[in-house]
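One structure below.
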Amino acid sequence: MPAKIQPCLWFNMNAEEAANFYAATFADTRIDAIHHAPGDYPAGKKGNVLTIEMTIFGMPFLLLNGGPQFTFDEAISFQISTEDQEETDRYWNAVVGGGGQESACGWCKDRFGLSWQITPKRLMQLMATGGETARRAFTAMMDMRKIDIAALDRAVGDTAK
């Protein structure tokens, strides 16, 4: 039974490629079902992959082969909370590699144009502290592409104690 609410991601006829990439890249991620079109539709033909039900980080998603009419933009992104620099690097490199692109402050896009925020828990802890610690962490983050936890800690210095 489908989830009561789930994101539906519109792809330009490469939803299956994206699903395979996400399943191979992210923990607790799997393809649950692939559905083929029962008839021709504006972007495809009968028998083409139409939708893919999948679970990404334990959350249900529907991927749709909708065609070229709509594309992703930064108004929607998915934030991945990472435990440490190793996990941050692993996800960043996977998303940016193979045709993705870096952006600022931990944001990046995969090769399908979907935006991700690779966000270490340490950054969120420092920001939640408030005051001078949060200000210094924020200022340091603003100059980063991929978040560097050690650089954040250096930037906040003794204020984080």
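Any value given below was found using the heavy atoms of this structure, including those in side chains, with hydrogens, waters and symmetry copies removed. In what follows, residues are counted from 1 in the order of the sequence shown.
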Open item on the list: For a quick test of reading the model, state the closest non-hydrogen atom pair linking Asn65 to Ala43 and the distance between them.
Closed with: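 In this case the closest contact between Asn65 and Ala43 is O-CB, 4.5 Å.
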Close side-chain approach of [X] and [Y], heavy atoms under 4.5 Å:
X	Y	value
Met59	Pro7	yes
Leu152	Leu126	yes
Ile118	Lys146	no
Met141	Phe138	yes

- [ ] Verify side chain to side chain contact (heavy atoms under 4.5 Å, CB included) between Ile31 and Thr55, making sure each step is shown before the conclusion.
- [x] CA-CA 6 Å; Ile31 296 171; Thr55 302; over 6 Å; no
- [ ] Answer yes or no: is there a donor N or O on one side and an acceptor on the other, between the side chain of Asn48 and the main chain of Gly44, under 3.5 Å?
- [x]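 No; judged by distance alone, with no hydrogens or angles, the pair does not exist.
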Task: Main-chain N/O of Ala151 paired with Asp148 side-chain donor or acceptor, under 3.5 Å - done: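 Yes: the side chain of Asp148 pairs with the backbone of Ala151.
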- [ ] Using a strict cut-off of less than 4.0 Å between a Lys/Arg side-chain nitrogen and an Asp/Glu carboxylate oxygen, indicate whether Lys121 and Glu83 qualify as a salt bridge.
- [x]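 Salt bridge flag = yes for Glu83 with Lys121.
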To the nearest 0.5 angstrom, please state how far the [atom1] atom of [X] sits from the [atom2] atom of [Y].
X	Y	atom1	atom2	answer
Glu53	Leu62	CD	CG	6.5 Å
Gln69	Trp10	CD	CH2	5.0 Å
Ile80	Trp92	CD1	CH2	11.0 Å

- [ ] If the plane angle is over 60° it's perpendicular, under 30° parallel, otherwise tilted; pick one for Phe112 and Phe21.
- [x]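 The arrangement is tilted - the two ring planes meet at 30° to 60°.
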Are [Y] and [X] an aromatic pair, judged by ring center distance below 6.0 Å?
X	Y	value
Phe26	Trp116	yes
Phe78	Phe61	yes
Phe11	Phe72	yes

TODO: Start with the C-alpha distance between Tyr22 and Asp110, add both sets of side-chain angles, then the distance that settles side chain to side chain donor-acceptor pair (under 3.5 Å), and finish with yes or no.
DONE: CA-CA 10 Å; Tyr22 301 145; Asp110 63 28; 2.6 Å; yes
Task: From CA spacing to verdict: side chain to side chain donor-acceptor pair (under 3.5 Å), Thr82, Thr88 - done: CA-CA 6 Å; Thr82 58; Thr88 300; 2.6 Å; yes
Task: Side chains of Ser77 and Gln117, donor plus acceptor under 3.5 Å - done: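 Yes.
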Task: Worked check of salt bridge (charged side-chain N to carboxylate O under 4.0 Å, His left out) between Glu74 and Lys109 - done: CA-CA 9 Å; Glu74 290 79 2; Lys109 285 184 182 183; 2.8 Å; yes
